[in-house]
Novice: 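One structure, pasted below without further comment.
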Amino acid sequence: MGEIFGMPVQVLMGQLAIGLINGSFYALLSLGLAIIFGLLNVINFAHGAQYMLGAFVAWMLLHYLGIGYWPALLLAPLIVGAIGILMERFMIRKLYHVDHVYGLLLTFGIALILQGLFLNMFGVSGQRYPTPDALRGMVDLGFMFLPIYRGWVIVASLAVCLLTWFIIEKTKLGAYLRAATENPELVRAFGINVPVLITLTYGAGVALAAFAGVMAAPVYQVSPIMGAEIIIVVFAVVVIGGMGSLLGAIVAGFGLGLVEGLTRVFYPEASSVVIFLVMAIVLLLKPSGLFGQAR
Amino acid sequence: MSSISRVGTSVLAAAAVGLASASVSADGISGDVVRIGAMVDMSGVYSANGGPGAVVAVEMAIDDFGGEVLGKPIELLSADYQNRVSVAQATARRWFDERDVDMIIESTDSASALALFDLGNDRERITIAAGSATTRMTGDGCSRYGIHYVYDTFALATGTGNAIVQEGNTEWYFITADYAFGHSLEQDTENIVLASGGNVLGKSRHPLGSTDYASYLLQAQASGAQVVGLANAGNDFSTAVEQAHEFGITAGGQILAGMLVFLTDINALGVDVAQGMQFTTGFYWDYDDETRAFSERFYERHGAMPTMIQAGAYSATMHYLQAIEATGTDNADAVMEYLRSNPIEDFFSRNGYLRADGRMVHDMYLAEIKSPAESESTWDMVRIIREIPGDEAFRPLEDGNCQYVNSGS
């Protein structure tokens with residue numbers, strides 16, 4: 001095989017594939033954040049904790065009830081989404097009329113409490129979650145062995161991202177949603193229950209985080225600190241894509257995964273900061289983000 | 001300077017008061033109490049292998065000793081240093097200067113442990129490293145009152161490195177935690193590999209607490225090395241092994257070498273993933289009747305079998321208290337003198353003795369992780385392949401260049 005920039009093509013392609021896998025998680029998580037911010041104007045700092053919760057719910061379903069991966073893929077987002085709905089109904093809603101910062105502080109507090117609770121119960125060592133039988137093994141792509149499960153992560157998250165984007169941007173339900181956030185009074189006048197719509201939207205955003213958590217369980221260890229580690233990166237992704245822009249979140253998620261993968265090949269030491277470097281540059285050149293509109 | 005001497009005087013004054021009021025038999029205990037401080041990582045990446053379990057171990061030692069020494073009570077303080085050198089230093093200063101703590105035992109990262117040793121040397125108090133690994137604690141960072149009790153990077157590298165190299169696996173690739181501990185472990189192992197005519201084909205350095213090792217593993221795979229050496233620890237280690245399994249590193253014929261493996265890591269991974277891996281350890285719970293007796297008692301209190309750090313913390317505390325009893329004082333010089341001149345022998349330490357540079361030399365073990373078929377219960381995870389005599393396991397005294405060894409003798 002040949003070389004590109006002095007790097008064997010094999011290594012380069014492998015790293016790009018891995019970048020795409022990480023990008024899948026970034027995209028799923030930043031999409032949820034973007035929905036919640038774009039439609040509710042809440043900076044949901046609990047998103048990382050809800051992702052962790054998704055992974056733990058899947059783990060608990062398996063260990064205490066013997067419910068496997070496939071049902072968990074549906075059940076965990078439903079359960080965690082329901083918890084999110086309760087949070088919105090009884091806590092976050094009270095802060096809609098004040099500055100964004102208060103919502104951020106509240107959700108940050110919730111994130112720390114959840115993380116602390118799970119640390120207390122499970123300790124910091126990760127819990128293992130086995131790869132489902134149907135997705136075990138590897139495929140030989142010629143340039144690398146791709147674990148089948150990771151391939152599934154890319155496909156599934158791309159599908160979920162596009163479906164979500166389609167529902168919100170192209171369907172009637174999505175139109176109501178967008179209208180309800182632009183002008184709640186008017187939409188209410190049409191006989192639509194706006195508060196319920198808002199609550200369900202928050203629940204859906206949280207469910208996306210939990211879905212990402214279940215997807216992540218067999219790849220990373222199920223650990224109380226898994227959310228805290230990824231949330232900062234995901235916020236950077238949302239900022240780069242443009243706060244509140246759904247397409248921006250998806251494109252930036254996958255794109256930055258690739259950028260990170262490439263950095264690991266050429267200058268590994270910078271791989272943990274490259275996303276923030278991109279964020280700084282994007283903010284300097286286009287403060288509203290790549291796909292964002294200035295508000 | 002003046003504040004230090006003032007503290008010194010007040011300690012002396014306190015001791016004098018203690019002397020005046022004390023009964024005849026306990027005239028050497030400062031402040032009429034022996035205070036032990038346990039400083040650990042309570043909830044971070046290293047909390048499973050040391051952490052709250054190490055505090056439990058120290059507590060057990062104090063209880064087993066009867067809660068008092070020479071008729072004076074033994075008190076235990078514990079603190080979370082939050083993986084920060086500054087917190088470790090501030091806590092230790094407060095303990096030494098305000099709480100009159102006589103001995104600090106740690107399970108921290110290497111940088112914090114070096115800071116503790118420095119402070120102990122200055123305040124003339126005993127510091128015992130049970131958790132951290134760097135050989136600098138018995139080298140340029142050694143202390144007159146410092147004891148490196150359980151293991152170090154040299155012992156890990158020689159034990160595991162030699163075993164693997166001797167089987168003809170001489171081409172290595174390192175995946176290393178990018179800070180003092182990882183570098184030290186990588187360097188010590190590289191020395192072994194090179195000394196036996198081997199090669200290091202490449203290295204990847206990852207930040208502490210990474211969750212994704214796929215790209216490093218792919219580079220290791222592409223390098224064609226026979227051995228992928230993991231110079232990291234705790235969660236970093238177990239995640240890397242898990243992902244190596246996923247990407248077929250071992251299935252492709254490469255050997256994974258865990259340079260620092262704790263029992264808790266194997267438990268997190270499961271023997272099916274970790275099986276066959278060889279590593280060096282200072283303790284295994286199921287080694288013989290003595291280790292089992294301690295470990296089962298520990299299990300009742302902590303809900304997990306002890307790691308080498310936790311077992312070592314118990315053993316170190318026990319020997320410290322025995323030294324106070326034997327010498328009749330908690331004076332640091334007297335206790336160190338006693339520990340240096342008497343063998344250190346118990347369920348944890350075999351053929352142990354304390355060297356002038358602070359290294360507690362004892363037998364180490366080369367271990368191999370069992371296969372699921374061999375493993376009969378949850379904690380039945382390891383087979384000891386051979387005992388490594390202490391003098392072979394640890395770095396020779398003269399190679400460390402501890403300043404107190406040269407000037408002292």
Side-chain angles (χ1 to χ4, degrees), chain A residues 1 7-8 10-19 21-22 25 115-116 118-120 122-131 136-138 140 143-150 216 218-226 228-230 233 257 260-265 268-273, chain B residues 41-49 51-53 83 175-176 178 202-223 234-243 245-249 251-252 262-270 272-274 302-304:
Chain A
M1 271 198 178
M7 226 6 104
Q10 187 187 2
V11 175
L12 200 64
M13 297 293 282
Q15 299 300 335
L16 286 179
I18 287 166
I21 298 162
N22 290 338
F25 290 110
Q115 189 182 318
F118 277 81
L119 272 175
N120 202 21
F122 295 97
V124 74
S125 275
Q127 311 286 335
R128 283 187 71 224
Y129 190 92
T131 309
R136 277 172 200 268
M138 289 166 275
D140 189 353
F143 56 88
M144 73 177 290
F145 288 96
L146 180 71
I148 292 173
Y149 186 81
R150 297 208 179 211
V219 178
Y220 309 126
Q221 305 212 351
V222 179
S223 140
I225 54 176
M226 64 193 285
E229 285 162 355
I230 203 169
V233 174
E260 209 181 35
L262 280 181
T263 315
R264 284 226 178 85
V265 182
E269 286 81 358
S271 63
S272 55
V273 292
Chain B
D41 173 8
M42 287 288 187
S43 62
V45 278
Y46 296 148
S47 58
N49 51 47
N83 295 337
I175 295 178
T176 304
D178 197 6
K203 296 170 186 178
S204 291
R205 301 239 163 117
H206 67 81
L208 180 66
S210 290
T211 50
D212 185 30
Y213 295 84
S215 66
Y216 313 121
L217 291 166
L218 278 192
Q219 290 176 45
Q221 204 166 32
S223 75
N235 285 8
D236 287 351
F237 165 77
S238 50
T239 311
V241 173
E242 174 107 46
Q243 295 180 1
H245 191 68
E246 200 189 338
F247 279 91
I249 298 285
F262 291 105
L263 200 65
T264 41
D265 301 327
I266 310 172
N267 189 41
L269 283 168
D272 52 333
V273 171
H302 187 57

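Chain letters run A, B, ... following the sequence lines, proteins first, then strands; residues in each count from 1. From a predicted model like this one, the values you see are computed outputs, not experimental measurements.
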Novice: With a 4.5 angstrom heavy-atom cut-off, could you sort out which part of A:Asn120 is near chain B: side chain, backbone, both or neither?
Specialist: neither
Novice: Nearest 0.5 Å, what's the CZ-CD distance between A:Arg150 and B:Gln243?
Specialist: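 Interatomic distance, A:Arg150 CZ to B:Gln243 CD, rounded to 0.5 Å: 5.0 Å.
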Novice: Between B:Tyr216 and A:Arg264, is a side chain to side chain contact (heavy atoms under 4.5 Å, CB included) present by the stated rule, with each step listed?
Specialist: CA-CA 8 Å; B:Tyr216 313 121; A:Arg264 284 226 178 85; 3.5 Å; yes
Novice: Looking at residues at least two apart in the chain, or sitting in another chain, which of them share a salt bridge (charged side-chain N to carboxylate O under 4.0 Å, His left out) with B:Asp178?
Specialist: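 Result, salt bridge (charged side-chain N to carboxylate O under 4.0 Å, His left out) vs B:Asp178: none returned.
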Novice: Identify which part of B:Glu242 has an atom lying under 4.5 Å from any heavy atom of chain A, answering side chain, backbone, both or neither.
Specialist: side chain
Novice: Which answer fits B:Asp41, side chain, backbone, both or neither, if we ask what part of it has an atom under 4.5 Å from a heavy atom of chain A?
Specialist: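 It is neither, since no heavy atom gets under 4.5 Å.
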Novice: Pick from B:Gln221, B:Gln219, B:Arg205: which one has the most heavy-atom pairs with chain A under 4.5 Å?
Specialist: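 The answer is B:Gln219.
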Novice: Pick from B:Pro207, B:Pro52, B:Ser238: which one has the most heavy-atom pairs with chain A under 4.5 Å?
Specialist: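 Highest number of heavy-atom pairs under 4.5 Å: B:Ser238.
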Novice: With rounding to the nearest 0.5 angstrom, report the CZ to CD1 distance, B:Phe247 to A:Ile18.
Specialist: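 Here the rounded value is 4.5 Å.
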Novice: Nearest 0.5 Å, please: how far is CD1 in A:Ile225 from OG in B:Ser47?
Specialist: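 Result: 8.0 Å between the selected atoms.
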Novice: Does any backbone or side-chain atom of B:Thr239 lie under 4.5 Å from a heavy atom of chain A? Answer side chain, backbone, both or neither.
Specialist: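 The answer is both parts of B:Thr239.
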Novice: Who pairs with A:Pro218 by side chain to side chain contact (heavy atoms under 4.5 Å, CB included), at least two apart in sequence or on another chain?
Specialist: A:Tyr69, A:Tyr129, A:Thr131, A:Pro132, A:Tyr149
Novice: Sort B:Ala222 into side chain, backbone, both or neither according to what part of it lies under 4.5 angstrom from a heavy atom of chain A.
Specialist: side chain
Novice: In Å and rounded to the nearest 0.5 Å, what is the CZ to CG distance from A:Phe25 to B:Asp212?
Specialist: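 Output value for this atom pair is 9.5 Å.
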